[in-house]
Amino acid sequence: MKEDILLTEKQINTVLNNIGEELLSFHLFEGGFINPIYFITTKSQLELVLRITNPLPKWRHWKTLNEIEVMKFLLTNTSIPVPKVWDSSVATDLIGYEYILMEKIEGIQMNIVYPDASYDLKCSLISQILSFIKEMQKFTFLKIGSFQENMVLGPNYDIEAGPFESINQFLSAALESRINDIADNSRYFHFISRLVKLKEKMGEMKLKQFPFVLTQCLEDKNILIKNGKISALLDYEWSGSYPIYTDLMNFEEILQFPQFPRIEKYYREQLNELQLEYSIPENIQDFQEIEFLAMCLGSYKAWFVGKEAEGEEFIQKSSQQLNNLLKKYNC
């Protein structure tokens with residue numbers, strides 16, 4: 001991680017002063033992927049987490065605002081375990097960065113717990129998370145986009161466009177944004193004509209439409225477990241109004257069905273019981289994966305600052321996956 005996005009004791013105390021606290025100790029959490037995360041103990045023994053937003057120009061203001069609004073909304077309107085937001089800023093004038101100061105919730109990340117968990121514990125975790133997804137699906141919207149003040153739906157902050165009335169519109173605009181990002185990276189310039197061809201083909205298709213709901217964008221490293229219970233769902237920067245299948249697609253990747261076939265059977269039964277079953281067409285799954293992989297080509301360097309070897313391994317795998325998917329559609 002670059003030293004110029006690390007905080008000093010003085011900067012952290014400046015934030016804590018806003019809530020009448022004073023710093024006792026802090027340390028940088030090494031598991032933060034894009035955004036620096038600090039674990040803080042105050043002199044009154046309050047345990048907090050300070051998340052600093054990576055200062056990428058395209059994400060300024062709106063990404064942090066989206067996360068703050070969703071966290072506050074879920075905390076007030078659902079039973080989902082979300083950290084309390086103690087303080088936040090979508091401006092950089094206080095410490096030089098946007099930030100969210102939140103409650104620290106104890107737990108072990110699901111990516112650590114899940115692989116060796118018993119069958120019964122795996123089933124329990126599945127049931128808990130599906131119930132949270134069901135709660136979020138109660139909140140429906142007319143378009144795809146990100147949230148602004150008071151949960152007003154606005155443009156998708158990541159691609160700086162929208163909101164969108166259809167999946168076709170969103171995927172087309174997202175792919176156009178990724179193409180522009182790749183154009184700034186000569187290493188993968190050869191993918192541009194193939195992605196443009198796919199975008200043209202997508203424009204001729206009528207993709208199946210789904211309701212748009214509040215989504216969390218689940219990742220196993222952002223699910224905390226304590227004493228067999230989900231203690232927290234973390235990281236809402238990629239939340240938004242998206243097609244209703246979005247969180248289920250992400251959750252299925254976490255569950256590793258090829259390794260745990262009995263778990264897949266239980267999962268399908270739970271989907272039916274909760275009426276969460278949505279058949280997702282293969283082309284939509286492929287197009288969303290292509291859009292994500294194209295994003296990787298244009299953005300991976302910012303994700304792996306200080307971890308260049310890991311980034312190189314990641315991007316080589318991603319580019320090969322993208323190549324194979326584009327071939328599938330004769331692009």
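Each residue takes its place number in the sequence, starting with 1. All heavy atoms count here, side chains included; hydrogens, waters and symmetry mates do not. Since this is a predicted model, take the numbers as computed values, not measurements.
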Is it the case that the side chains of [Y] and [X] hold a donor-acceptor pair, with the cut-off being a distance below 3.5 Å and no angle test?
{"X": "Q216", "Y": "D235", "result": "no"}
{"X": "E21", "Y": "S44", "result": "yes"}
{"X": "Q320", "Y": "N324", "result": "yes"}
{"X": "Y97", "Y": "S89", "result": "no"}

Can you name the side chain to side chain contact (heavy atoms under 4.5 Å, CB included) partners of E264, sequence neighbours left out?
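Counting only residues at least two positions away or on another chain, E264 forms a side chain to side chain contact (heavy atoms under 4.5 Å, CB included) with F257, R268.
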
Can the ring centres of Y114 and F260 be said to be less than 6.0 Å apart?
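Yes; F260 has its ring centre under 6.0 Å from that of Y114.
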
Regarding E22 and K43, does a basic nitrogen lie under 4.0 Å from an acidic carboxylate oxygen?
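Judged by the 4.0 Å cut-off on N to carboxylate O distance, E22 and K43 do form a salt bridge.
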
What's the shortest heavy-atom distance between [X] and [Y], and which atoms?
{"X": "S124", "Y": "G228", "answer": "OG-O, 4.1 Å"}
{"X": "F141", "Y": "L214", "answer": "CE1-N, 3.8 Å"}
{"X": "M202", "Y": "S172", "answer": "CE-N, 4.0 Å"}

Using the test ring-ring contact (aromatic ring centres under 6.0 Å, His included), find all partners of F139 that sit at least two apart in sequence or belong to another chain.
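If we apply the ring-ring contact (aromatic ring centres under 6.0 Å, His included) test to F139, skipping adjacent residues, the hits are F73.
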
K328: what forms a salt bridge (Lys or Arg N to Asp or Glu O under 4.0 Å) with it, not counting sequence neighbours?
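Only E282, D286 meet the salt bridge (Lys or Arg N to Asp or Glu O under 4.0 Å) criterion with K328.
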
Can K201 be said to sit on top of Y329's aromatic six-ring, NZ or CZ under 6.0 Å from centre and within 45° of the ring axis?
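Output no; distance or angle outside limits.
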
Dump the intermediate steps for side chain to side chain contact (heavy atoms under 4.5 Å, CB included) on I315 and C296, then the final yes or no.
CA-CA 7 Å; I315 203 59; C296 294; 4.1 Å; yes

